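Remarks on the structure that follows.
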Amino acid sequence: MRAVLHFSRHVLEMVVAMLAGMFALGPLWTLVLPGAAGRTDVHTLTMATDMAIGMALWMCVRGHGWASIGEMTAAMYAPFAVLLVPYRLGAVSAGVVMTGGHVLMVVAMVAVMLRRRSEYTHGGHPLPRAVTRTGAVVLALAALPVPVGAAVAAVNTRSVYAAAPSSEVPAPPPRPFDPALPTAVVVLGAEGANVADALGPFEVLAVTGRFNVLTAAPTAAPVTLTGGLDLVPDVTFESLASRLGGRAADVVVAPAMPRTDEPEVLDFLRRQARGGALLLSVCWGGGVAAAAGVLDGHAATSHWYRLDDLQKEYTDVRWQHGVRYVDDGQVISTAGVLSGIDGTLRVVERLAGTRVAAAAAGAVGWRHYSPGAPAPIPVRRFGPGDAIAALNLAYRWDAPTAGVLLTDGVGELELASVFVTYTEAVYAARTLAVSSGAATVRSRHGLTFVPRATLTDAPELDRLLVPGAAAAARRDAPTTQGIPPTYLHAAPGFAFDGPLHDIATDVDVASAAWRAKLLEYPAGDITLTGRGWPWERTLRPVLLALAGLAVLAGGLAVQRRRRGSLVPGDGRR
């Protein structure tokens, strides 16, 4: 009976170690493989890796041999490796892989333990003392910074698309619609969309006056854009079909979305492609378009951060690096974020002419319009300075809360520049859309946004950011909670200049430079000044590691003191 209890305890320990590895290391994959969560094969293998690491570390502590550790590691991978074969052949679903893999993983783990049952009923093989001490030190150093960093990373990541509390929102006023003009539709997912990928193309198309420009979503409910900006879609997919008389739109814009597998979105894109619509995928929206199959057989591009993953996942697409957009007939795809401006101008060129496109570029302040052909961009990779990404994701737990004052007539790109620049990737602030009292706010070209609070009932704010050149000219935003407003678009220039300058001066230059790199802002176009590197934030994981080491040292000191007190003849055992 004692052997059975001992074995059962080991099983429980292994399960706990497996789960600890998964929860502690899982969020860190968002940096290394940011598209992993949307790909079943990659996600399952990274999850198996996390579990294997957790179990291997615990087995080292328990004194098991390398052969046992190797067998247990294989038990973590084997079920998924087997199930991924029929999954790739289309014989089983992703749900079967995930559920079946977890069940078989536990079965494989117990089988390995039964094969070496003596280790799990009477203890494992001891490791050399030097290895044990090294393992203990490594565990102590990781004990605090890894789980704390993982927890902060998870909170920061979720905050980007945190949905608003449900509330009744009036339907948006009907938009002008001219049947004689081509119709362009910006697609929104039910679970959100990237604010710059959606609003940038929207404003470029709208400013020309040559298109009916609409936002469309699966339902009429407000859609959360990056940073918590809630947009009421103009139409649903169903009502759009009625408005267009069953025909496809002329242009369909697919922005990045937090999920690439929303069935309604994918079905909509397929129907539009079959109907002859010109598809524009922006940034990681290329992943959405690829998931729908509408890029198959085409040359395409996407954000450099995820392009390698896309190449491995969607092999029927001819992916290209180092170009702002790829025009391949019915499909135009763009590189990261602000490359969407160039891709949209290409759409305007094709449907309205180069002169109209040049006027649109001037109207939105885009200084990099390249008529007739895409401008080249560097083939970007991670550099040493990009370590700021991990630092901000995992150890920026004290980002200020910034109210973003929405005002009628604000430009769509002006709004996007705030909500995407401060939140995603740098976490320089937690943005909260507020108004002076209005329940809804209308942008320059008629989009309807729903603030999450008013200035009078907003929670405690650290900053009040006011987007819009018109608001900066009026300078009538009130001082709220004793905080003076910061007008981000007081100086002339492109909408993203002001927020990037503000992050450089208020946070640090490294964070602003990293954000500009992810936005694919043309290199050298903006000079950032401020504190170069956040050294106090750099010390956070270091201090957490030292704290874990101090706990280990304290525990060992207590253990030695107790052992020293057990001297012969004192009557204690």
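Here, residue 1 is the first one in the sequence, and each next residue gets the next number. Because the structure is a prediction, the values reported are computed rather than measured.
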### Message
Tell me the closest heavy-atom pair linking A217 and V223, and the distance in Å.
### Response
CB-CG2, 3.9 Å
### Task
Sequence neighbours left out, what passes ring pair (Phe, Tyr, Trp, His ring centres under 6.0 Å) with H102? Give chain and number order.
F80
Run the side-chain donor-acceptor check on residues 192-199: report pairs under 3.5 Å with partners two or more places apart or on a different chain.
| residue | atom | partner | partner atom | Å |
| --- | --- | --- | --- | --- |
| N194 | OD1 | A196 | N | 2.9 |
| N194 | OD1 | D197 | N | 2.9 |
| N194 | ND2 | E424 | OE1 | 3.3 |
| D197 | OD2 | A256 | N | 3.1 |

### Task
Say whether, by atom type as modelled, one donor and one acceptor occur between the side chain of R270 and the main chain of A292 under 3.5 angstrom.
yes
#### Entry: Polar side-chain atom of R324 near backbone of G343 as donor-acceptor pair, under 3.5 Å
no
#### Entry: Donor-acceptor pair, side chain of Q272 and main chain of L279, under 3.5 angstrom
no
### Message
I need the minimum non-hydrogen distance between L144 and G548, along with the two atoms involved.
### Response
CD1-N, 3.7 Å
### Query
What residues form a ring pair (Phe, Tyr, Trp, His ring centres under 6.0 Å) with F237, not counting sequence neighbours?
F268
### V282 side chain reached by P201 side chain, heavy atoms, under 4.5 Å
yes
### Message
Could you tell me if H64 and E71 have a donor-acceptor pair between their side chains, going purely by distance under 3.5 Å?
### Response
no
### Query
Which one of D328, T301, V326 satisfies the side-chain contact (heavy atoms from CB on, under 4.5 Å) criterion with R318?
D328
### Task
Report yes or no: does E520 contribute a side-chain atom to a donor-acceptor pair with the main-chain N or O of H303 at less than 3.5 Å?
no
### Message
Angle between ring planes, W535 versus W533, binned at 30° and 60°: parallel, tilted or perpendicular?
### Response
tilted
### Message
Going by the rule ring pair (Phe, Tyr, Trp, His ring centres under 6.0 Å), which residues pair with F419 if we only count those two or more places apart in sequence or in a different chain?
### Response
none
### Query
With no hydrogens and no angle check, is any side-chain donor or acceptor of R515 less than 3.5 Å from a backbone partner on V420?
yes
#### Entry: Heavy atoms of other groups near E460 CD, more than 12 under 6.0 Å
no
### Query
Mind checking what makes ring pair (Phe, Tyr, Trp, His ring centres under 6.0 Å) contact with W304, not counting sequence neighbours?
F382
### Message
Any side-chain to backbone donor/acceptor pair from S302 onto C283? Under 3.5 Å, distance only.
### Response
yes
### Task
Specify the closest pair of heavy atoms between A67 and R116, including all atoms of both residues, with the distance to one decimal.
CB-NH2, 3.5 Å
#### Entry: Where A425 and L518 come nearest, the two heavy atoms and their spacing
CB-CD1, 3.2 Å
### Task
Please answer whether the main-chain N or O of G287 pairs with a side-chain N or O of T260 as donor and acceptor at a distance below 3.5 Å.
no
### Task
Indicate yes or no: does R380 engage D386 in a salt bridge with an N to O separation below 4.0 Å.
no
### Message
Has Y325 got a side-chain atom pairing as donor or acceptor with L280's backbone, closer than 3.5 angstrom?
### Response
no
### Task
Tell me, please, which residues at least two apart from E264 pass side chain to side chain donor-acceptor pair (under 3.5 Å).
none
#### Entry: Closest non-hydrogen atom pair, L393 against N156
O-ND2, 2.9 Å
